[in-house]
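To start, the structure itself, in C-alpha cells.
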Amino acid sequence: MKSTKLLIGFVCMVSVCMAFGQTGDKVSIESLLNDMVDRGGIARFPQNNFRLKQESSYNRASKIPSDSVGWFINQDFNSSEKDHNFIRIEEENGEKEWVLMDHEGPGAIVRTWMPFLSPDKPDTDIQIKIYLDGNPEPVLEGNMLGLLDGTGLIPYPFAHQSLRSSVSFFPIPYAKSCKITTDSRPFFYQFTYRAYDENALIETFTKAAFDKAMPTVQRVGELLLNPENHYKGKQVSLESKLASKEEKSVKLPVGNAAIRELSLKLEDYTTPEVTRSVVLKIEFDGEQTVWSPIGDFFGCGIGLNPFQGWYRTVGEDGTMICRWVMPYQKSGKISVVNLGDTPVDLVLKATVGTWEWDDQSMYFNGAWRGQYPVPTRPFSDWNYVTIKGRGVYVGDALTVMNPVEKWWGEGDEKIWVDGEDFPSIFGTGTEDYYAYSWGGKSTDFYEHPFHAQPRSFVYNKLNRKKSKEKNTSGYSTETRTRALDVMPFESSLKLDMEVWSWTDCVMGYGVGVYWYGDKQTTSNRVPDEKEALNIPPLPNGFPIKL
C-alpha cells in the first residue's frame, strides 16, 4: 500500500513538472509540442512566464477608442502602395523586404494566419522569410501560404487550410529575436507569439531540431486528431428528467481532485433553443465558477451542431463532451437547470481524477453573455469579458444571428492585458480570429483541433454546403480554444469584438468564454437567465428551420 502511494505521488509530481513548462527548463520545439496536448498544464499559471502578443495588418489609423472613425476603420490589409499596415520596408542591394514582425527578446511563434489572396485560389507569389536570433539567413522561407498551410514542411494538423486560409499552430521558438519579412507587399496577416521573460531559456528553432522532433510531432499530431480522454478516475453521474424551471445537482468526490472529462446528453434536440435554455452550473470549493447555456459551453451554439476539437466534441448522437481539466481543493458540485417551459431528459457524466494543488493551480471558469438586439450602427466594441486578477484565458464560442444576407463579421478583436494602453492583440476580422477568411463566401462547416465553424447559414456537419451562394443570414457559430496561444494575465484581461456588419440592422450576439483564475479573480459576467431565454429570432423567410 505504501509503495502504491509513493508511485501515485511520483506520477503526480512528474505531471506537475511537465505541465506548461512549469520547471523553468529550456523551452524547445519538443517541450512546446508536449505542452500543446497537456490538458492539465493550462490549469497552472506558467512559471516560464510569458505574455501573448500579435503582429497583424490591423489599420494603423486605429489609435485610441475615442476616435470613433479611426478606431473602427476597416482597411486592415495592404492593397496598394498607399497602405502601410506593416512595420517597415527594408532594402539591401536593391532588394526590398516588407517587415511584418520584429520582436527583440526570447519568444515563440505559436499561431500564424493568412488568407487566400483570392477566395477561390489557395496560392500567392509572395515569398515569406523567418529570421531568428539576428541570423542574416532565414531559418524558414517559402511561399507565404504554402509554407504554413499543411502542404509544406509543417504537417497537418499543426498547419492546414481551414476555409480559404493558411493557418499554423506549430511552435517556432527563438532565444533572442524574430523577424518575419515578405518580398512583396503583404495582404492580410497575423503572427501570434509568446514574449517570454528575459531570463527564459529557449532552444531556437533549427531544421536539425525540427527533424529531431519528428517522433514527437507524429505522436502529438495523432493525439490531436484522436482527442478521446482515456483517463481512468472516479465516475459520477446524473440521469434525470428536469421539469420546467427545475435544477438538479451531483456532488464530486471530496478532497484534492479535478474533473478530467464532463459529458452531457439530452434526449431530444428537436427544439434548437434547448441548447440555450438548459444551463450548466459548476461550483468548486464553495464558489460558482461556471454558468453557461450548454450550447455555448460545449461550442455548438443554438441547436445540435456536431464538431470535434481537442478540448470539446459534440457528437452526432447529441453527446456533448468537455475535456477541460477543472481542479479543486476540497469540494465540487455540478448542476443542470432547465430554464425552458418543456421538461428535458438528460444524462450527465463526469470523470474525476487526482490533482496536487499548489500555488500555481487555478480554478476553471466558464461564463456567458448574450444580447438581442445589438445595433450595427454606430460601430461599436462588444465586450466578451473583462477579468480582474490572475489567470489564463483559454477560449470562447460566439453565436450570432444575422438578419440579412450580407456579411456580418468585419469586426476586429481587441484584447488588453494587465492594464496596457493599447491592446496586445488587435485583429483583422472576426472570421480571422476564428481562423478562416472570406467570410461572405465561407458559410460551410469546418473543424480543427483548436477552432471550428459548427454552423453557418443553413449548413453544419450534417448538411454540408454544395453551392456557391453568399448568404450569411441566420445563426452562425464560431469557436476557438487555445493551447500554446493561451493568454496569461497577472492583473486583468479585457476582450472586445467589434460589431461591424456591412448592413445597418440589429443582430443577436451570444458568447461562451473560458478561463482559469485564482479564487479571488473576478469577472463582469454574471448569470443572466432572462437573456438566455431571449433567443434571437431567425429572419423572416429563413429557408430551413434548425
Side-chain angles (χ1 to χ4, degrees), residues 53-63 73-104 107 109-132 137-154 159-170 172 174 177-193 410 412-414 423-439 442 485:
K53 306 287 185 178
Q54 182 169 281
E55 293 293 346
S56 78
S57 57
Y58 81 93
N59 196 296
R60 270 47 178 182
S62 298
K63 298 181 182 298
I73 198 164
N74 191 43
Q75 184 84 0
D76 41 17
F77 55 92
N78 299 284
S79 61
S80 72
E81 295 300 331
K82 295 180 181 180
D83 299 323
H84 294 276
N85 299 323
F86 50 85
I87 296 175
R88 64 181 180 272
I89 299 175
E90 295 181 342
E91 186 169 353
E92 186 172 347
N93 299 324
E95 299 291 331
K96 288 184 178 181
E97 290 190 41
W98 280 253
V99 179
L100 314 187
M101 173 177 168
D102 192 10
H103 176 230
E104 294 290 333
I109 302 170
V110 292
R111 178 184 183 265
T112 67
W113 168 89
M114 285 157 286
F116 297 175
L117 301 188
S118 170
D120 299 315
K121 294 180 181 179
D123 197 10
T124 180
D125 293 331
I126 300 175
Q127 299 295 299
I128 191 171
K129 296 180 180 180
I130 301 177
Y131 301 88
L132 302 181
E137 296 298 321
V139 68
L140 290 170
E141 63 179 314
N143 182 282
M144 188 174 186
L145 296 177
L147 183 66
L148 300 164
D149 70 356
T151 64
L153 177 69
I154 297 172
H160 76 120
Q161 292 180 0
S162 57
L163 288 178
R164 297 175 167 86
S165 283
S166 170
V167 184
S168 175
F169 291 91
F170 196 88
I172 303 175
Y174 48 92
S177 65
C178 174
K179 183 171 75 171
I180 300 177
T181 70
T182 55
D183 66 354
S184 298
R185 185 181 64 250
F187 194 36
F188 288 90
Y189 65 86
Q190 294 181 3
F191 298 102
T192 309
Y193 62 98
E410 294 289 346
D412 307 335
E413 79 276 11
K414 301 161 184 175
S424 298
I425 310 290
F426 201 126
T428 57
T430 307
E431 81 272 37
D432 313 345
Y433 177 82
Y434 291 108
Y436 68 103
S437 59
W438 295 99
S442 298
D485 59 333

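The structure displayed is predicted, hence computed values, not measured ones.
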Excluding sequence neighbours, so at least two apart, what forms salt bridge (charged side-chain N to carboxylate O under 4.0 Å, His left out) with D125?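 For D125 there are no salt bridge (charged side-chain N to carboxylate O under 4.0 Å, His left out) partners, ignoring immediate neighbours.
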List the residues meeting salt bridge (charged side-chain N to carboxylate O under 4.0 Å, His left out) with E90, not counting sequence neighbours, and say none if there are none.
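Only R88, K179 meet the salt bridge (charged side-chain N to carboxylate O under 4.0 Å, His left out) criterion with E90.
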Pairing residues for [X] by the side chain to side chain contact (heavy atoms under 4.5 Å, CB included) criterion, not counting sequence neighbours:
X: Q127; result: N143, D183
X: L147; result: I128, L140
X: S177; result: E104

For E95, I'd like to know if atom CD has over 12 heavy atoms of other residues, nucleotides or ligands within 6.0 Å.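 Not buried by this count: 12 neighbours or fewer within 6.0 Å.
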Quick check for you: to the nearest 0.5 Å, what is the distance between [X] atom [atom1] and [Y] atom [atom2]?
X: E410; Y: D432; atom1: CD; atom2: CG; value: 8.5 Å
X: D412; Y: I425; atom1: CG; atom2: CD1; value: 12.5 Å
X: M114; Y: T428; atom1: CE; atom2: OG1; value: 11.5 Å
X: H160; Y: F169; atom1: NE2; atom2: CZ; value: 6.0 Å
X: Y433; Y: T192; atom1: OH; atom2: OG1; value: 10.0 Å
X: I130; Y: E141; atom1: CD1; atom2: CD; value: 10.0 Å

Taking only residues two or more places apart in sequence or in another chain, which ones pass ring pair (Phe, Tyr, Trp, His ring centres under 6.0 Å) with [X]?
X: Y58; answer: F422, F426
X: F77; answer: F187, F188
X: F170; answer: F158, F210
X: Y436; answer: Y446

All side chain to side chain donor-acceptor pair (under 3.5 Å) counterparts of [X], not counting sequence neighbours:
X: R185; result: E81
X: Y193; result: none
X: T430; result: none

Taking every non-hydrogen atom, the tightest pair across [X] and [Y]:
X: A435; Y: V167; answer: O-CG2, 3.6 Å
X: P115; Y: L145; answer: O-CD2, 3.5 Å
X: Q190; Y: S56; answer: CG-CB, 3.9 Å
X: L163; Y: S442; answer: CD1-O, 3.7 Å
X: L100; Y: P186; answer: CD2-CG, 3.4 Å
X: G429; Y: D76; answer: N-OD2, 4.3 Å

Is the closest side-chain donor-acceptor distance between Q75 and N59 under 3.5 Å?
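Checked: Q75/N59 side chains show no N/O donor-acceptor pair below 3.5 Å.
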Item to complete: Verify whether one side chain among S437 and E431 offers a donor that lies under 3.5 Å from an acceptor in the other.
Response: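 No, E431 and S437 have no side-chain donor paired with an acceptor closer than 3.5 Å.
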In sequence, state the C-alpha distance, the side-chain angles, and the governing distance for I126 and L117, and then conclude on side chain to side chain contact (heavy atoms under 4.5 Å, CB included).
CA-CA 10 Å; I126 300 175; L117 301 188; 4.3 Å; yes
Counting distance only, does the side-chain N/O of [X] pair as donor-acceptor with the main-chain N or O of [Y] below 3.5 Å?
X: R164; Y: P119; value: yes
X: D83; Y: N85; value: no
X: W113; Y: S165; value: no
X: S57; Y: Y189; value: yes

**OP:** Show your reasoning for whether side chain to side chain contact (heavy atoms under 4.5 Å, CB included) applies to H84 and R60.
**Re:** CA-CA 8 Å; H84 294 276; R60 270 47 178 182; over 6 Å; no
message: Please evaluate residues I109 and I180 with respect to the criterion side chain to side chain contact (heavy atoms under 4.5 Å, CB included), reporting the C-alpha separation (whole Å), side-chain torsions for both, the decisive distance (0.1 Å), and the verdict.
response: CA-CA 11 Å; I109 302 170; I180 300 177; 3.8 Å; yes
For side chain to side chain contact (heavy atoms under 4.5 Å, CB included), just list the numbers for F191 and H103, CA-CA rounded to whole Å, side-chain angles, deciding distance to a tenth of an Å, and then say yes or no. CA-CA 11 Å; F191 298 102; H103 176 230; over 6 Å; no
